[in-house]
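See below for the structure under consideration.
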Amino acid sequence: DAKTTQPPSMDCAEGRAANLPCNHSTISGNEYVYWYRQIHSQGPQYIIHGLKNNETNEMASLIITEDRKSSTLILPHATLRDTAVYYCIVRPEWFDAGNNRKLIWGLGTSLAVNP
Amino acid sequence: NAGVMQNPRHLVRRRGQEARLRCSPMKGHSHVYWYRQLPEEGLKFMVYLQKENIIDESGMPKERFSAEFPKEGPSILRIQQVVRGDSAAYFCASSPRPMDGHYGYTFGSGTRLTVV
């Protein structure tokens with residue numbers, strides 16, 4: 001089972017910020033929070049990841065609470081092309097021979113950006 | 001620099017036929033992962049391969065499914081005697097080393113298998 005819970009769907013107006021929440025209350029100390037998205041009929045695309053500090057890149061910002069039990073992905077100015085399913089995943093950053101290499105995917109949040 | 005290439009994009013097979021799905025990883029990537037996505041579900045891990053080696057096949061059904069990643073050529077996911085329940089999107093991902101921590105996987109666009 002996925003170690004994260006996300007709302008099944010969200011709406012956002014074009015040009016506004018989209019804030020996608022994720023709960024991961026059982027996250028371990030060595031696990032990072034990763035976000036991917038899947039645009040319809042395409043393969044998943046990496047967005048961003050973080051451990052405990054907030055992170056920002058050209059696509060999005062990631063805000064992780066101090067207790068690390070939840071996080072929020074922020075798309076600062078959503079466009080129609082951001083309409084996709086967004087997946088929040090927790091995993092160790094590196095795997096060795098003994099670690100579980102599988103990414104456990106939940107159902108994600110289906111974000112609809114409306115004109 | 002081409003991304004992960006999967007072909008065919010769409011594949012239709014009759015029940016009992018064989019399906020062969022191909023994945024060419026990104027240049028310089030020697031680690032390949034296959035995932036399956038059933039309709040309205042999240043991705044499920046199937047198998048992780050390095051060149052000429054299967055590292056982890058714990059997500060592969062025990063029968064009818066096999067995977068390979070030869071020294072030369074693409075990785076192949078083979079499904080024998082397909083059944084309707086095999087209808088799904090099959091995604092391949094690659095990384096330059098085991099589960100590249102910084103950027104995660106790079107996924108292909110998938111092969112959509114329909115069994116009729």
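Predicted model only: the values in this text are computed from it and were never measured. Naming convention: chains lettered A, B, ... in sequence-line order (proteins, then strands); numbering from 1 in each chain.
Of all the heavy atoms in B/Q37 and A/Y87, the pair that sits closest is NE2-OH, 3.4 Å. Residues B/R112 and A/Q42 come closest through the heavy atom pair NH2-N, 3.7 Å. Taking both residues in full, the closest heavy atoms of B/L43 and A/P44 are given as CD2-CG, 3.8 Å, listed atom of the first, atom of the second, then distance.
Two different hydrophobic clusters hold B/M5 and B/Y90 under the rule that ILVMFWY side chains link at heavy-atom gaps under 4.5 Å.
With a 6.0 Å radius and a threshold of 12 heavy atoms from other residues, nucleotides or ligands, B/Q80 has its CD atom above the threshold. Heavy atoms of other residues, nucleotides or ligands lying less than 6.0 angstrom from CZ of B/R9 number more than 12. Heavy atoms of other residues, nucleotides or ligands lying less than 6.0 angstrom from NZ of A/K69 number 12 at most.
Neither the backbone nor the side chain of B/Q6 comes within contact range of chain A, judged by heavy atoms closer than 4.5 Å.
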